[in-house]
Amino acid sequence: MSANKIQHKVNHVALVVDCSGSMRPHQGQLIRVVDEFVAGLKAESDSLGHETRISLYSFDHRVENLVWDMDVKHLPSMRGLYKVNNGATALIEASLKSLDDLGHIWEQYGEHSFLQIVVTDGEENASGGDRRHDGDMAILGPWLDKIAAKMGGLPGHWTSAILVPNSLAKRTAQNYGFPAGNIAIWDADSQEGVEEAIGTVRAAATSFLRGREQGVRGTKNLFAVGQDISVDEVRANLEPIPADRYRLLKVDTEVEIRPFVNSHPGVTYERGACYYQLGARAQVQPNKEVIVVEKDTDRAYTGDAARSLLFGTGIQGTVSVKAGNNPKLEVYVQSRSVNRKLKPKTRLLIML
C-alpha cells in the first residue's frame, strides 16, 4: 500500500421505518423529524470529515427500499417518499432485508462501518406472508431462526439498533438478537413520542460518528451518551463552573431528592438547582441543562454547547438516553422534581 494513500472513513446508515396503519397519526411529523435526522448526519459528517451514506426503508407487510446508499448531502426530503399504508408489520423481514442489502457493499477500500436503526410502533405479525387474516403464526418460525443467526453473525464493525413501543417489545427484540444496549423504548401513542424517538436516534447516530474518530467501528451500547467525549473536548467547548458555586453530594441509598438535600447542613432544596448523575435511561427535556464533571478533579463544566456536545448538533427536543461508560467524565442532568428518586452509588450536584 502506498504511504500516501488516504484511508477515509465511510459510514453506511440504514433507517428502517414502520409504515403500517398504526403509524398514520404520525406520518407528517415523522417525515419532518426524519429530515432533521438526516440534516444532523450531514452536519456531523461535515465536521468530522467523514463520508456518510444513507439508505431508507419503509415496511408494513411488505418491505420497500426508498433510498439506497445515497450521500446524505444529496438526500431529498422524505416528503413524497414515506407513506403510511394499511398493512401489518413485517418487522423481522424488514430488519433482515436492510442488513442483507448492506452486505452487498464493497469494502475493499476505505474504512467502512454500518449502522442500522429500526423504528416500529408494533410487534412482528407479517414476515413470510400477510397473516392479518389467516392467523398462521407457524410461518414465523424460520424467520426467527434467520434473524437470530444474522444478528449473531454480524461483524464487529456492524451496529444494529431498534426503537420499540414497550418493555414487552424490548424483550422480543432481545430474543431476535438486538443487543440490550441498542434497544430504546419510545412513546408511540403521542406526538411528543415521535419527536423523542427521532431525537434519540439522532443523538445515537451522532455518538456513533464521533466514536469512529476514536477507532470504534461498532457498538452494542448505541443509546448511551458521554462515552465518546474526552476531557480535552469538554475543556475546549464548555465553561468551567467556579468551585464555590456548587457542591457534590454522595448518594448511598435510594432517597427522594428534596429530603436528601435538606438533610445536609448548609444547603436547602431549590427547584432547578439540583442535577442528578445520569445513569440508567432517562428522558432529558429540551429545557433541562446538563453539566459534565471530571471524575479525578470534580471540576464541573456547562454552557450552551453542553447539550450539543453530548447529544449532537441541532437536537431541540426531548432525548431518551443513559450514561455511557467514560472513565474520566460524569454527566449530570437538571431536575425540577421535588420527589425524584436518587439512585445509590451516584452523586447529586447542587448549584449554590
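Residue numbers run from 1 in the order of the sequence given. Only a predicted model underlies this, so the values are computations on that prediction, with no experimental measurement involved.
Using a cut-off of 4.0 Å between Lys/Arg side-chain N and Asp/Glu carboxylate O, K341 and E256 are scored as not salt-bridged. Looking at R32 and E36, a side-chain N of the basic residue comes within less than 4.0 Å of a carboxylate O on the acidic one, giving a salt bridge. A salt bridge links E44 with R210; the closest basic N to acidic carboxylate O contact falls under 4.0 Å. Under a 4.0 Å N-O distance rule, the pair D35/R79 does not qualify as a salt bridge. Taking the charged nitrogens against the carboxylate oxygens, R62 and E64 have no contact shorter than 4.0 Å, which rules out a salt bridge. Between R235 and E294, at least one side-chain N (NZ, or NE/NH1/NH2) sits under 4.0 Å from a carboxylate O, which counts as a salt bridge. Between D46 and K73, at least one side-chain nitrogen of the basic residue sits less than 4.0 Å from a carboxylate oxygen of the acidic one, meeting the salt-bridge criterion. Ion pairing of E111 with R212 is present here, as a side-chain N (NZ or NE/NH1/NH2) and a carboxylate O approach within less than 4.0 Å.
One distance of note links NE2 of H26 with CG of D18; it measures 10.0 Å at 0.5 Å rounding. Taken from CG in L248 to CD1 in I350, the straight-line distance is 9.0 Å, to the nearest 0.5 Å. In this structure, CD in Q27 is found 9.5 Å from CE in M78, a value given to the nearest 0.5 Å. Taking OG1 of T302 as the reference point, atom CG of L309 lies at 10.5 Å (rounded to 0.5 Å). Note: E254 CD to L342 CG = 8.5 Å, rounded to the nearest 0.5 Å. Atoms OG and CG, from S58 and N65 in turn, are 9.0 Å apart once rounded to the nearest 0.5 Å.
Under 3.5 Å, the side chains of D101 and S98 contain no donor-acceptor pair of N or O atoms. Judged purely by distance below 3.5 Å, without hydrogens or angles, the side chains of Q334 and Y276 never pair a donor atom with an acceptor atom. Side-chain polar atoms of N237 and Y301 form no donor-acceptor pair below 3.5 angstrom. At a cut-off of 3.5 Å, with distance as the only test, a side-chain donor of N221 or K322 sits close to an acceptor on the other residue. For the 3.5 Å distance criterion, the side chains of N11 and T52 qualify, holding a donor opposite an acceptor.
Within 6.0 Å of the CD atom in E213, the count of heavy atoms belonging to other residues, nucleotides or ligands exceeds 12. Within a 6.0 Å radius of CG in D304, no more than 12 heavy atoms belonging to other residues, nucleotides or ligands are found. A 6.0 Å sphere centred on NZ of K328 holds no more than 12 heavy atoms belonging to other residues, nucleotides or ligands.
Counting heavy atoms from C-beta outward, L163 and V118 have side chains that stay 4.5 Å or more apart. In this structure, T89 and D60 have side chains that are not in contact, with every pair of non-hydrogen atoms separated by 4.5 Å or more. Counting only heavy atoms from C-beta outward, the side chains of R258 and N339 never approach each other to under 4.5 Å. At least one side-chain heavy atom of R307 sits less than 4.5 Å from a side-chain heavy atom of V290. Inter-residue side-chain proximity for H157 and E107 is flagged as met; some heavy-atom pair is nearer than 4.5 Å. Within the 4.5 Å cutoff, the side chain of L349 has no heavy atoms near those of the C274 side chain. The side-chain heavy atoms of L168 and E123, taken from C-beta on, include a pair separated by under 4.5 Å. Counting heavy atoms from C-beta outward, V251 and P344 have side chains that stay 4.5 Å or more apart.
In plain terms, the two heavy atoms of V16 and A94 that are nearest each other are CG1-CB, 3.9 Å. A pairwise comparison of heavy atoms in V63 and A90 identifies CG2-O, 4.4 Å as the closest pair. Residues K343 and T346 come closest through the heavy atom pair O-OG1, 2.5 Å. Closest heavy-atom contact between I183 and A173: CD1-CB, 3.9 Å. The two residues M70 and P76 have their closest heavy-atom pair at SD-CD, 3.9 Å. Minimum interatomic distance between Y246 and R299 (heavy atoms only, all atoms of both residues): OH-CA, 3.5 Å.
The backbone N or O of R271 sits nowhere less than 3.5 Å from a side-chain atom of R336 that would complete a donor-acceptor pair. A donor-acceptor pair is defined here as one N or O able to donate and one able to accept, closer than 3.5 Å; such a pair exists between the side chain of K295 and the backbone of N326. Between the side chain of N182 and the backbone N or O of L222 there is at least one donor-acceptor pair closer than 3.5 Å. Between the side chain of S308 and the main chain of A305, no donor-acceptor pair closer than 3.5 Å is present. A donor-acceptor pair under 3.5 Å is formed between the side chain of N166 and the backbone N or O of A169. At least one donor-acceptor pair closer than 3.5 Å links the side chain of S95 to the backbone N or O of L91. Side chain of N85 to main chain of G87: no donor-acceptor pair is present (N/O by atom type, distance under 3.5 Å, no hydrogens or angles). Judged by distance alone, with hydrogens and angles left aside, the side-chain atoms of W186 form a donor-acceptor pair with the main-chain N or O of T120 at under 3.5 Å. With S55 contributing its side chain and A14 its backbone, the two residues share no donor-acceptor pair below 3.5 Å. Listed for the S113 side chain is a donor-acceptor partner under 3.5 Å among the backbone atoms of R217.
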Using the side chain to side chain contact (heavy atoms under 4.5 Å, CB included) rule, take L348 and Y275 through it: C-alpha gap first, then chi angles, then the decisive distance, then the call. CA-CA 6 Å; L348 183 73; Y275 294 70; 5.7 Å; no
Please report the C-alpha distance between V293 and I291 in whole Å, then the side-chain angles of each, then the deciding distance to 0.1 Å, and finally whether the side chain to side chain contact (heavy atoms under 4.5 Å, CB included) criterion is met. CA-CA 7 Å; V293 173; I291 293 175; 4.1 Å; yes
Assess whether side-chain hydrogen bond (donor to acceptor under 3.5 Å, both in side chains) is satisfied between T172 and N175, documenting all intermediate values. CA-CA 5 Å; T172 302; N175 291 336; 5.2 Å; no
After noting the C-alpha distance and the side-chain angles of F59 and V17, does the key distance pass the side chain to side chain contact (heavy atoms under 4.5 Å, CB included) rule? CA-CA 6 Å; F59 67 95; V17 184; 5.7 Å; no
Before you tell me yes or no, could you show the steps for D232 and S230 under side-chain hydrogen bond (donor to acceptor under 3.5 Å, both in side chains), namely the whole-Å CA-CA distance, both residues' side-chain angles and the distance that decides it to 0.1 Å? CA-CA 5 Å; D232 288 342; S230 67; 5.2 Å; no
Residues I257, Y269; criterion side chain to side chain contact (heavy atoms under 4.5 Å, CB included); working and verdict: CA-CA 8 Å; I257 189 169; Y269 177 84; 4.1 Å; yes
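A chain of hydrophobic side-chain contacts below 4.5 Å, direct or via other Ile, Leu, Val, Met, Phe, Trp or Tyr residues, connects I54 to L81. Hydrophobic clustering (side-chain heavy atoms under 4.5 Å, transitive across Ile, Leu, Val, Met, Phe, Trp, Tyr) groups I229 together with V284. At a threshold of 4.5 Å between side-chain heavy atoms, the hydrophobic network of Ile, Leu, Val, Met, Phe, Trp and Tyr places I147 and Y57 in one connected group. In the hydrophobic clustering of this structure, L66 groups with L41; members are Ile, Leu, Val, Met, Phe, Trp, Tyr whose side-chain heavy atoms approach within less than 4.5 Å, directly or through other members. At a threshold of 4.5 Å between side-chain heavy atoms, the hydrophobic network of Ile, Leu, Val, Met, Phe, Trp and Tyr places I117 and V216 in two separate groups.
Cation-pi check for R347 over Y332 is not met; the charged atom does not lie both under 6.0 angstrom from the ring centroid and within 45 degrees of its normal.
Between F114 and H112, the ring-plane angle classifies as parallel under the 30° and 60° cut-offs.
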